2 protein chains.
Amino acid sequence: MNILEKIANELDTFSKSERKVAEVILSSPGTVIHASIAALAKEANISEPTVNRFCRRLDTKGYPDFKLHLAQSLANGTPYVNRHVDENDTAEEYTSKIFESTMANLELARKSLDTSTINRSVDLLTQANKISFFGLGASAVVAHDAQNKFFRFNVPVVYFDDILMQRMSAINSRQGDVVVVISHTGRTKSLVDVASLARENDATVIGITTAGTPLAKECNIVLSVDVAEDTDLYMPMASRIAQLTLIDCLATGFTLRRGTKFRDNLKKVKDSLRSSRFERKD
Amino acid sequence: MNILEKIANELDTFSKSERKVAEVILSSPGTVIHASIAALAKEANISEPTVNRFCRRLDTKGYPDFKLHLAQSLANGTPYVNRHVDENDTAEEYTSKIFESTMANLELARKSLDTSTINRSVDLLTQANKISFFGLGASAVVAHDAQNKFFRFNVPVVYFDDILMQRMSAINSRQGDVVVVISHTGRTKSLVDVASLARENDATVIGITTAGTPLAKECNIVLSVDVAEDTDLYMPMASRIAQLTLIDCLATGFTLRRGTKFRDNLKKVKDSLRSSRFERKD
DNA sequence: CAGAAATTATGAAATTTTATTTCATAATTA
DNA sequence: TAATTATGAAATAAAATTTCATAATTTCTG
């Protein structure tokens, strides 16, 4: 725990004098990190040894060490936490909040990811005869993006955001095909059906979804991405970004696995786009 | 700038002895913040005054102040920096790198965003008769996502990722329509044409692109999102995430502007999806 | 290009600043 | 009232900084 929070937390376990120091620190921690023990003692109207004891009580080695901890608490500015957009927020405020919670959720997602599962997925993708990406609604966007990326690798890849096409495609799949189904909730009935159809037809099914959901149970491999529950309350925001970043990882793993030759291919695709562009004049 | 980066940066402006200190610090900054000036001097095989001078050269008041800065640099764990994927990276490594640089780029994007422009864009969007999102390739994904979000608001919204449809739609636009064109490079010829067609037909054109590009010049408003140049070398990764987060901001601004009634509407859309889902049993 | 002069870098020692310990006393609680 | 705990003055210890002499390096000059 952050030492500032800790001070605020334990405020009522402190003695009278210690509380004085605590209050000075909490009221302007930024000043304290540049103050000597004498200055702080004077500011709080108590003696230097009291400040020192206060620091020790907080499990630091002494005043300098305490300042170090304090500096670290302060370093994050506002740490990347999920902050909720409020009715009266200005553009400035909600923009910051959205960016910050997106970052916080990416951090969370990264921690929750199992890299060995990513590795296995990349294995399967590199060996696939055909790759399909299926998603609905917000997850269709992720599937769309995946198609875009894998298309560049010059492998057979399709994407559908339409239930019927997904079903038809699933029914026509065969051994050696990889089907990637994407759904944050993992509870969309039709997608669960698609997954099970694909498996019945011997395709390998990779699920990008939450672990333990009905969809997850139908998949050969589950790439689960945790994000804070309530961020997607009204609109899928954080989960989608986390899924897209996961797609980046898969695509990157894919290119690495395929080696240098394939990276040249990527460059070729990129170069082929040049003529449709205005030249940069710099 | 982070003091650790600064040290790494200015490594070759240091004198011989200073470089010794720098190297010790860079090799284990975590140890240094708990070391006294004497201990650090000894470790680097130089004298204490040299350490002190080193600290001052980095614009700190002295050794204790330097340690404070160092502690702050370290507070974020590994700070979110752009780290490049390497040929021999394991899944673990490239996953971390991708997530970290995505976060770093979001941070960068947030700093570069002009919130007053966001505010104006939200203004225009709330007043639009019809909203169109156009993008090609990776930016089509962003347009697709935007359509998804704004569709929930129950406003007329379309998205096209096809040049011809975009042109036709642009030609048929009229005063009161808002056209959002999305392109990271801002140099895709056909999209620039679409933007100019839309303007000729009195639509308001909002560009989500890099400032100063040909596309930007055709737009009424430019929402520019800066990301590190080289992250999108082979595939658009970071820029796309930044653009999507920007879309989240616009959508959020939109709901806030429209007030409580509209948020109820959002909930209604969400509820209507329920029947197509498996119930959660928790 | 040698060698002197000037400049800059460095560390030993002294000084100053800062933090910590000790211990006596005050405040609080039992 | 005794026991415990909290507190600060003074002493001590530790750490950082300054001063200054010397070493290393660079620049200039013949």
Side-chain angles (χ1 to χ4, degrees), chain A residues 3-4 6-7 9-26 28-74, chain B residues 3-4 6-74:
Chain A
I3 202 152
L4 265 177
K6 197 170 173 181
I7 295 172
N9 242 286
E10 298 181 14
L11 206 61
D12 36 74
T13 73
F14 294 146
S15 74
K16 221 188 319 178
S17 306
E18 283 172 340
R19 187 151 335 134
K20 283 191 207 166
V21 205
E23 272 155 16
V24 171
I25 294 166
L26 289 175
S28 65
T31 319
V32 172
I33 58 169
H34 295 116
S36 70
I37 193 168
L40 176 56
K42 197 178 170 194
E43 182 66 29
N45 277 309
I46 43 97
S47 73
E48 301 179 26
T50 302
V51 175
N52 198 273
R53 280 187 286 262
F54 172 84
C55 296
R56 296 233 171 91
R57 168 164 299 208
L58 288 154
D59 302 312
T60 64
K61 285 184 188 169
Y63 185 67
D65 188 41
F66 169 79
K67 286 208 294 185
L68 241 43
H69 281 267
L70 196 59
Q72 296 202 321
S73 297
L74 258 48
Chain B
I3 202 153
L4 266 176
K6 197 169 173 182
I7 294 172
N9 241 285
E10 298 181 13
L11 206 59
D12 36 73
T13 73
F14 294 144
S15 75
K16 220 184 325 176
S17 307
E18 284 172 338
R19 188 154 332 137
K20 284 190 204 165
V21 206
E23 273 155 16
V24 171
I25 294 166
L26 289 175
S27 75
S28 65
T31 319
V32 172
I33 59 171
H34 295 115
S36 70
I37 193 168
L40 177 56
K42 197 177 168 195
E43 182 66 29
N45 278 309
I46 45 96
S47 73
E48 301 179 27
T50 302
V51 176
N52 198 272
R53 280 186 286 262
F54 173 83
C55 297
R56 293 231 171 86
R57 166 166 298 210
L58 289 153
D59 301 313
T60 64
K61 286 184 186 168
Y63 185 66
D65 189 41
F66 170 79
K67 285 209 294 184
L68 241 44
H69 281 268
L70 196 57
Q72 297 202 320
S73 297
L74 255 48

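Just so it is clear: chains get the letters A, B, ... in the order the sequence lines come, proteins before strands, and each one is counted from 1. Computed from a predicted model, the values in this text were never measured in an experiment.
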For A:Ile46 and D:dG8, what is the distance between atoms CD1 and P respectively, to the nearest whole Å?
-> 6 Å
Could I get a table of every N or O pair under 3.5 Å where one atom is in the protein and the other is in nucleotides 13-15 of chain C?
none

Please give, in whole Å, the distance from D:dT5 C1' to A:Phe14 CZ?
-> 17 Å
Integer-rounded Å distance: D:dA15 P and B:Phe66 CZ = 18 Å
Where at least one partner belongs to residues 28-39 of chain A, residue pairs that pass side chain to side chain donor-acceptor pair (under 3.5 Å), sequence neighbours excluded | A:Ser28-A:Thr31
Just how far, in rounded Å, is C1' of C:dA19 from NZ of B:Lys67?
-> 12 Å
How would you list, by chain and number, every residue that makes a salt bridge (charged side-chain N to carboxylate O under 4.0 Å, His left out) with B:Glu18, sequence neighbours excluded?
-> B:Arg57
For atom CD1 of B:Ile37 and atom C1' of C:dT18, their distance in whole Å = 13 Å
From CD of B:Glu48 across to C1' of C:dT16 the rounded distance in Å is 14 Å
Quick one: pull up NZ in B:Lys6 and NE2 in B:His69 and give me the separation to the nearest 0.5 Å.
-> 8.5 Å
Ignoring hydrogens and angles, tell me if any N or O in the side chain of B:Lys67 forms a donor-acceptor pair with the backbone of B:Ala35 under 3.5 Å.
-> yes
Under 3.5 Å, side-chain donor or acceptor atoms of residues 45-55 of chain A against the rest of the protein: list the pairs with distances, not counting sequence neighbours.
| from | atom 1 | to | atom 2 | distance (Å) |
| --- | --- | --- | --- | --- |
| A:Ser47 | OG | A:Thr50 | OG1 | 3.1 |
| A:Asn52 | OD1 | A:Arg56 | NH1 | 3.1 |

With B:Phe66 as reference, evaluate B:Asp59, B:Ile25, B:Ile37 under the side chain to side chain contact (heavy atoms under 4.5 Å, CB included) test and give the passing residue.
-> B:Ile25
Interface with DNA chain D, restricted to residues 15-23 of chain A and to heavy atoms under 4.0 Å = A:Ser15, A:Lys16, A:Ser17
Taken to the nearest whole Å, NE2/A:His34 to C1'/C:dT17 is 17 Å
What's the CG-P distance between B:Asn45 and C:dA12, to the nearest Å?
-> 11 Å
First locate atom CD1 of A:Ile33, then atom CG of A:Leu40, and finally report the distance between them rounded to the nearest 0.5 Å.
-> 12.5 Å
Rounded to the nearest 0.5 Å, what's the gap from CD on B:Glu10 to OG1 on B:Thr13? Could you check?
-> 5.0 Å
Nearest 0.5 Å, what's the CG-CG distance between B:Leu68 and A:Leu70?
-> 8.5 Å
Closest non-hydrogen atom pair between B:Ile7 and B:Phe14, with its separation | O-CE1, 3.8 Å
Taking only heavy atoms on the protein side, list every residue of residues 50-61 of chain B lying under 4.0 Å from any atom of DNA chain D, sorted numerically.
-> B:Asn52, B:Arg56
Heavy atoms, side chains only, cut-off 4.5 Å: are A:Lys20 and A:Lys16 in contact?
-> no
